[in-house]
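It should be emphasised that the depicted structure is a prediction, and the values quoted were computed from it without experimental measurement. The basis for the numbers below is simple: all heavy atoms, side chains too, and nothing from hydrogens, waters or symmetry mates.
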Amino acid sequence: GERTMATHIGIGSQLRPDEINEDALKQFNHIYMESYLWDHELTKQTLQKVGQIAKQNKIETSLSLSDPFCVDRHRNELKDFITEYVDLVFCNFDEAKMFTESETMADVSAFFQNLNKKIVMTASAEGAYYFERETVRHRPSHKISKVLDTTGAGDNFAAGFLETYLLGHAIEEALENGNTKAGKVIQQLGPRIKRS
């Protein structure tokens with residue numbers, strides 16, 4: 001079910017800072033961003049503007065690390081951005097290893113517990129983890145008999161987690177819902193869960 005991916009973010013790469021409407025953003029209580037946008041100078045400036053607006057208006061933000069190679073290209077800048085503007089980070093284990101410059105789960109866990117941020121990390125068949133200072137939560141993944149295509153697993157996990165988290169439910173429930181959504185999408189071709 002693994003795949004090699006060449007990413008093209010299309011029109012997203014053209015989003016300019018002056019197109020961000022501060023009054024519109026003030027209506028939200030959470031903003032989700034993708035690190036893929038860090039590959040373009042224009043959208044990097046746009047993310048920074050969004051981060052500034054969110055911070056000024058006390059809007060919670062989350063950032064997906066998107067891809068290990070993206071993290072490798074921009075590690076220090078992403079660390080600075082996360083420190084300044086991000087409340088919740090989404091990543092998988094490969095992205096986490098690249099971000100923390102670590103190889104083991106123990107080292108990744110220690111780094112995240114000292115980061116002073118909320119971190120949600122998927123780890124394939126091992127399930128999903130949540131780190132917040134000394135707090136570590138884990139939910140095992142669902143047993144999937146046939147993994148067809150992992151495309152979209154991370155995005156669907158994040159959607160499932162946020163769906164539950166933003167309603168104020170327990171972290172364990174949010175991790176479980178993320179696992180459920182990811183488990184569904186990897187049993188089919190394509191990144192979107194097919195409606196029955």
> Checking Ser64 side chain against Ser66 main chain: does a donor-acceptor pair fall under 3.5 Å?
Replying inline: yes
> For Arg192, does the CZ atom have more than 12 heavy-atom neighbours from other residues, nucleotides or ligands under 6.0 Å away?
Replying inline: no
> Do Lys79 and Phe99 meet the cation-pi criteria used here (NZ or CZ under 6.0 Å from the six-membered ring centre, within 45° of the axis)?
Replying inline: yes
> OG1 of Thr180 to CD of Glu173: how many Å apart, nearest 0.5 Å?
Replying inline: 11.5 Å
> Which is it for Gln56 and Leu25 under the side chain to side chain contact (heavy atoms under 4.5 Å, CB included) test, yes or no, and what are the steps along the way?
Replying inline: CA-CA 11 Å; Gln56 290 164 3; Leu25 285 187; over 6 Å; no
> Relative to the ring of Phe90, is the ring of Phe161 parallel (under 30°), tilted (30 to 60°) or perpendicular (over 60°)?
Replying inline: perpendicular
> In Å, rounded to the nearest 0.5 Å, how long is the span from CG of Leu115 to CD of Glu132?
Replying inline: 11.5 Å
> Run the side chain to side chain contact (heavy atoms under 4.5 Å, CB included) check on Gln48 and Glu77 step by step: do they pass?
Replying inline: CA-CA 11 Å; Gln48 289 170 325; Glu77 286 186 332; over 6 Å; no
> Going by the angle between their ring planes, with limits at 30° and 60°, are Phe81 and Trp38 parallel, tilted or perpendicular?
Replying inline: tilted
> Does the Asn57 side chain pair with the main chain of Ile59, one donor and one acceptor, at a distance under 3.5 Å?
Replying inline: no
> Do the charged groups of Arg139 and Glu172 touch, with an N to O distance under 4.0 Å?
Replying inline: no
> Taking atom types as modelled, is there a side-chain donor on Asn177 or Thr164 under 3.5 Å from an acceptor on the other?
Replying inline: yes
> What heavy-atom pair brings Val71 and Leu65 nearest, and what distance separates the two atoms?
Replying inline: CG2-O, 3.6 Å
> How about Lys184: does its NZ atom have over 12 heavy atoms from other parts shown lying under 6.0 Å from it?
Replying inline: no
> Are Cys91 and Ile119 close enough, and set up right, to give a side chain to side chain contact (heavy atoms under 4.5 Å, CB included), and what steps lead you there?
Replying inline: CA-CA 8 Å; Cys91 60; Ile119 311 287; 4.2 Å; yes
>> Measuring from atom OH of Tyr165 to atom CD of Glu60, what distance do you get when rounded to the nearest 0.5 angstrom?
In response: 3.5 Å
>> With a 3.5 Å distance limit and no angle check, can you tell me whether Thr61 reaches the backbone of Asp87 through a side-chain donor-acceptor pair?
In response: yes
> Which heavy atom of Ser13 sits nearest a heavy atom of Gly10, and at what distance?
Replying inline: OG-O, 2.8 Å
> Which pair of heavy atoms, one from His30 and one from Ser62, lies closest together, and at what distance?
Replying inline: NE2-OG, 2.8 Å
>> Using only atom types and a distance under 3.5 Å, with no angle test, would you say the side chain of His40 pairs donor to acceptor with the backbone of Gly12?
In response: no
>> What I want to check is whether the side chains of His142 and Glu176 have a donor and an acceptor closer together than 3.5 Å.
In response: yes
> Is the backbone N or O of Val147 less than 3.5 Å from a side-chain atom of Gln187, with the two atoms forming a donor-acceptor pair by type?
Replying inline: no
> Are side-chain heavy atoms of Gln45 and Ile20 found at a separation under 4.5 Å?
Replying inline: no
> Closest approach of Val86 and Lys117, non-hydrogen atoms and distance?
Replying inline: O-NZ, 2.8 Å
>> Rounded at 0.5 Å granularity, tell me how far OG in Ser35 sits from CG in Leu78.
In response: 4.5 Å
> Can you check whether Val108's main-chain N or O pairs, donor with acceptor, with Thr100's side chain at less than 3.5 Å?
Replying inline: no
> Any donor and acceptor pair, going by atom type alone, linking the side chain of Asn179 with main-chain N or O of Pro140 inside 3.5 Å?
Replying inline: yes
>> Parallel, tilted or perpendicular, judged at 30° and 60°: which one describes the rings of Phe131 and Phe112?
In response: tilted
>> When you compare the side chain of Lys181 with that of Phe157, does any pair of heavy atoms fall below 4.5 Å?
In response: no
>> I'd like to know if the side chain of Lys194 reaches the main chain of Leu189, judged simply by a donor and an acceptor atom lying under 3.5 Å from each other, with no hydrogens or angles considered.
In response: yes
> Do Thr135 and Ile171 come close enough that some side-chain heavy atom pair is under 4.5 Å?
Replying inline: no
> Are the side chain of Glu19 and the backbone of Arg16 linked by a donor-acceptor contact shorter than 3.5 Å?
Replying inline: yes
